[in-house]
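In what follows, a structure is listed as C-alpha cells, so that the remarks can point back to it.
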Amino acid sequence: MDFINIQNEDFNVQQQYDALSQSNTRDGAVVLFVGRVRDFNEGEQVTEMVLEHYPGMAEKCLEDIVAKARERWDINRVRVIHRVGLLSQSDQIVLVGTSSPHRGSAFAAAEFIMDYLKTDAPFWKKEISDQGERWVEARNSDETQKKRWQ
Amino acid sequence: MDFINIQNEDFNVQQQYDALSQSNTRDGAVVLFVGRVRDFNEGEQVTEMVLEHYPGMAEKCLEDIVAKARERWDINRVRVIHRVGLLSQSDQIVLVGTSSPHRGSAFAAAEFIMDYLKTDAPFWKKEISDQGERWVEARNSDETQKKRWQ
Amino acid sequence: MNTITVKFFARLREQSGVDAMDLEIGDMTKLSELIAQLQDQHQDWTILQQKNLMAAVNHSMITDDCLLAAGDEVALFPPVTGG
Amino acid sequence: MNTITVKFFARLREQSGVDAMDLEIGDMTKLSELIAQLQDQHQDWTILQQKNLMAAVNHSMITDDCLLAAGDEVALFPPVTGG
C-alpha cells in the first residue's frame, strides 16, 4: 500500500488524498504534508530552484523510512512524492500522506517520514536568486527534529 | 487569516489546500488533516451517523482553540471545517489545515487543534448501525492526547 | 428572581425531550445548585446524574462552580464526541 | 586490484567536474582510506575536506568506517537538503 515516487512532474493534492481515502473504510484519519518553494532563504530573493537526487539510493532511502514508520505506527496507506529538476517559486516540492484508524498515528508517521527525509534522503537543493546560484546548506534544526524520534 | 466553518455540506480537499497555499510565498509547509466516518466502532456495522452541535458555542470554541494554537506556533493560515447533520460511511467529517514557514509548527498546530477539538468542542456523534442508534461514548485516549500539550 | 435559559444536547436532549427551557432562579444561585435542583426534579434524566456531565455558561466551558446571573445561557451535555 | 565506482553529487559533483569515476583499489581498502586518497589527489575539491562530508556504499548511508569490495558503488556528497 505504499506509493513512493521521485518525479519531475507536479502532483495534485486531491488525487493523492483520493488515493489515500477512496475505498478505505478502515481509516478515519488522513494526514497530508506538502512542502513548497518559499520566496526567501537567508534574505535572498529566490526565483528558481534545482533539485538534484541520487537515483536508486533516493528511492531505497524513502522506502526504508516508510518501513521504519510502519514498524512504529498503525498506518495503512502511505504516499511519498518528491520532485526533482527545475522548480519555481511556490511550486510543490514534496508530499507525504498517511492514513490510519487513529489520528495520532497518521500525524506522527507523516512527521517522522518528513523528518527523516530531510536528514537522510539524498536530495540537494540549489537556489537561483538575483544574486546567482547557491547550494542550500543543511540546517542543524533538521537534525534536532529527527533526534526527537530516537 | 482564519477560516472556521460549521456546515452541512461536504468540503473539497483541493479547494482547502489552495486556500492555504495560493498567493502564499511565505509558507513552505502545509499540513492537512481530514477525519472521516469509519465503517466500524466497537464491532457494529455503522452505516450512517448524525452529528449534532451547539450553535454559537461550537464556533466560539473552535475560534478559541485556533487562537491558542497561534499563541504557541508560527502559523499563518488556518482552516477548520466541521460538518454536522446526517453523514454516511466514508464521508468527510472534519478538516484542519495549517500553513507555516516551518513544518514542525504546521504539524504541531494542526494536531493541537484536532486534539482540543476532540475534547472541548461541543459536537456529538450518534451512530446508526444495523443494531439501531447509539450515541458515541467519549474516549479516555482523547483526554490523554490533549494532556500532552499541557 | 432572575430568568436564565438552560439548554440540553445530545443524549440529554433526547432524555429531557426539550432543547431548551427558561427557568427562574434566586440571586446568588450557583451552577452546582441549578444542576442539583434539576437532578431532584427530573430523576429520569439519568444523564444529569453522571459525574462526567459537562456544563457551559454563555458558551464557555465551566469546570468549576460559578454564580449564575439573569440572562445567562446554561448548557448541559454529555462529554463531546466530535471530530 | 578491485574496481569500484565513486559517485559525486551536488556541490562536490560541480567541484570535481565528474558525476562518477571508476577506481582500482587494493584488497582490504577502507572507506576512510579511499576518502583520504581522494583528498590527497584532489586538494581543490574542498567539499571532500569538510567534516560533514556524507558517504553511502551501495545505496546505504555509512556513518562508520567499512571495508570496500570489488563492484562497490561509493557515493560522496555534502549533507542532504531535500524536502
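Fair warning: this is a prediction, and the values are worked out from it, not measured in the lab. Each chain gets a letter, A, B and so on, in the order its sequence line appears, and its residues count up from 1.
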Are Arg13(D) and Glu52(A) close enough, and set up right, to give a side chain to side chain contact (heavy atoms under 4.5 Å, CB included), and what steps lead you there? CA-CA 11 Å; Arg13(D) 176 182 50 72; Glu52(A) 176 173 336; 2.4 Å; yes

Between chain A and each of Glu73(D), Glu14(D), Met54(D), count heavy-atom pairs under 4.5 Å; write down the option with the most. Glu14(D)

Measure across [X] and [Y] and return the closest heavy-atom pair with its distance rounded to 0.1 Å.
X	Y	value
Val80(D)	Ala138(A)	O-CB, 4.0 Å
Pro55(A)	His59(D)	O-NE2, 4.1 Å
Trp124(A)	Ala10(D)	CG-CB, 3.5 Å
Lys60(A)	Ser60(D)	NZ-OG, 3.1 Å

Should the pair Tyr54(A) and Phe77(D) be assigned to parallel (<30°), tilted (30 to 60°) or perpendicular (>60°) ring geometry? perpendicular

Among side-chain atoms of Thr81(D) and Lys118(A), is any donor-acceptor pair under 3.5 angstrom? no

For Asp40(D), is the CG atom crowded, meaning more than 12 foreign heavy atoms sit under 6.0 Å from it? yes

Within a 6.0 Å radius of atom CE on Met1(D), are there more than 12 heavy atoms belonging to other residues, nucleotides or ligands? yes

If you count heavy-atom pairs within less than 4.5 Å of chain D, which of Gly56(A), Pro122(A), Ala58(A) leads? Gly56(A)

For the pair His53(A) and Phe9(D), evaluate side chain to side chain contact (heavy atoms under 4.5 Å, CB included) and give the outcome as yes or no after the intermediate values. CA-CA 8 Å; His53(A) 77 303; Phe9(D) 292 95; over 6 Å; no

Examine whether an atom of Lys126(A) lies under 4.5 Å from a heavy atom of chain D, and if so say whether it belongs to the side chain, the backbone or both; otherwise answer neither. side chain

If I measure from the heavy atoms of chain D, does Lys125(A) come under 4.5 Å with its side chain, its backbone, both, or neither? both

Taking the basic N atoms (NZ, or NE/NH1/NH2) and the acidic carboxylate oxygens, is any pair closer than 4.0 Å for Arg11(D) and Glu137(A)? yes

